[in-house]
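Quick notes on the structure that follows.
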Amino acid sequence: MQNGSIEIKAEATGFGAEVGGVDLAGEISEEVFAELQAAVIRHKVLVFRDQHLDDESHFAFAQRFGPLEGHINRSTRHGELPKLQVFGNVGDDGKPTGVHPEKGTLVWHTDKSYVATPSLFTILRSPSVAREGGHTLFADMTRAYEALTPGKVEQLEGLRAVHDWKRSREKSDERAATADEIAAAPPVDHPVIRTHPETEARAIYIGNHASHILDWELGAGEALLAELEAHATQEQFIYRHRWRDNDVLMWDNRCTMHCVTDYDAAIERRVVHRAVVQGEVPF
Ligand code: OGA
Ligand code: MN
């Protein structure tokens, strides 16, 4: 396909857009690439249909946005391209294992907020999509911020949340973090209200990796985070991606949260391949 002019069809809500007229496995000019960069900043979530990426072309496309990062969970690293992650519920016999590969994806989160420099963009493709469930939901954290009352904004001003991989695993009922993982990802803290470095828009920055509020009593911090999550995940802030074969999904982690809706891991085959672009220190 000629990558001459792309078409962007924004969601009516203004959150999320479908991008047509581009073959992500083909040559992408600087000009078209700049349009894609502007689109992901503007719409926060991009959907590309009918793509035919393999791991190499997926990696190459993602890398144009910046250096890719590996994942702390070594078990999901791709054999030849360790900076790609692959997780799914398909066994060596090709059958669904019945086990959710990453229960942490079933709860609201923003990628890698448990490190000092959390993920910028995540680019996901799913060679095997669930037919029932397994949708990816996104919450627009800029809109959610803008809908806070002035009193709430004042309360949140200057607060920092502690993000903790170990605690996050416990909360999502995943296998416990290993000693190596805990050493590699000690708790960090980030502002609860984050400013987007490109748009300067403010957004609520929380999710399952956020465990409590720095310098607050634990329970009070957990309650505030739960309240903010309930606020931010109201229907009016959500974009729901229903996967089709050959979709590629890309999002900006600085101003969104996401989760996967449940699916029957004993019946459905769901596999995702993901590339993640390194981010910067949130402010
Ligand atoms: C992720 C994630 C969502 C999905 O890859 O970061 O949360 O749809 N996955 O599998
Ligand atoms: Mn994720």
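For the numbers below, each heavy atom of this structure counts, side chains included, while hydrogens, waters and symmetry mates do not.
- For R169 and E102, the salt-bridge test passes: some basic side-chain N is under 4.0 Å from an acidic carboxylate O.
- E268 contributes a side-chain N or O that, together with a main-chain N or O of E132, makes up a donor-acceptor pair within less than 3.5 Å.
- For the ring-ring contact (aromatic ring centres under 6.0 Å, His included) condition, the pairs that include at least one residue of residues 155-178, sequence neighbours left out, are H71-W165, Y114-W165, H163-H190, H163-Y205.
- Classification of R254 and E280 as a salt-bridged pair holds, one side-chain N sitting under 4.0 Å from a carboxylate O.
- Panel note: side chain H43, backbone V45; no donor-acceptor pair is recorded below 3.5 Å.
- In this structure H231 satisfies the ring-ring contact (aromatic ring centres under 6.0 Å, His included) test together with F237, sequence neighbours excluded.
- The existence of a salt bridge linking D245 and R131 is confirmed by a sub-4.0 Å separation between a basic side-chain nitrogen and an acidic carboxylate oxygen.
- Remark: side-chain polar atoms of R244 are not paired, donor with acceptor, to backbone N or O of V129 under 3.5 angstrom.
- A centroid separation of less than 6.0 Å is found between the aromatic rings of H258 and H109.
- For the atom pair OG1 (T199) and CG (D252), the distance works out to 8.0 Å, reported to the nearest 0.5 Å.
- A side-chain donor-acceptor contact under 3.5 Å links R125 to the backbone of L53.
- Note on R274 versus D111: salt bridge recorded, some NZ/NE/NH1/NH2 to OD/OE distance being below 4.0 Å.
- In this structure, OG in S211 is found 6.5 Å from CG in L218, a value given to the nearest 0.5 Å.
- Using a distance-only test at 3.5 Å, with no hydrogens or angles considered, no donor-acceptor pair links the side chain of T136 to the main chain of H241.
- Distance check: T233 OG1 to M257 CE gives 6.0 Å after rounding to the nearest 0.5 Å.
- Proximity of a side-chain donor or acceptor of S126 to a complementary backbone N or O of V271 within less than 3.5 Å is detected.
- Ring pair F65/F33 is tilted by interplanar angle, where 30° to 60° counts as tilted.
- Under the 3.5 Å distance criterion, with hydrogens and angles disregarded, a donor-acceptor pair is assigned to the side chains of E69 and S119.
- A salt bridge links E181 with R175; the closest basic N to acidic carboxylate O contact falls under 4.0 Å.
- Of the possible polar contacts, one joining the K103 side chain to the D173 backbone as a donor-acceptor pair under 3.5 Å is found.
- Remark: S168 engages N208, H209 in a side chain to side chain donor-acceptor pair (under 3.5 Å) (not counting sequence neighbours).
- Salt-bridge check for K152 with E227: passed, with a basic side-chain N closer than 4.0 Å to an acidic carboxylate O.
- A cation-pi contact links R270 to Y263, judged by a cut-off of 6.0 Å to the six-membered ring centre and 45° from its axis.
- Of the possible donor and acceptor atoms, one in the side chain of T261 sits under 3.5 Å from a partner among the backbone N and O of G134.
- Proximity of a side-chain donor or acceptor of Q51 to a complementary backbone N or O of V248 within less than 3.5 Å is not detected.
- Under a 3.5 Å cut-off, the side chain of T110 and the backbone N or O of N253 do form a donor-acceptor pair.
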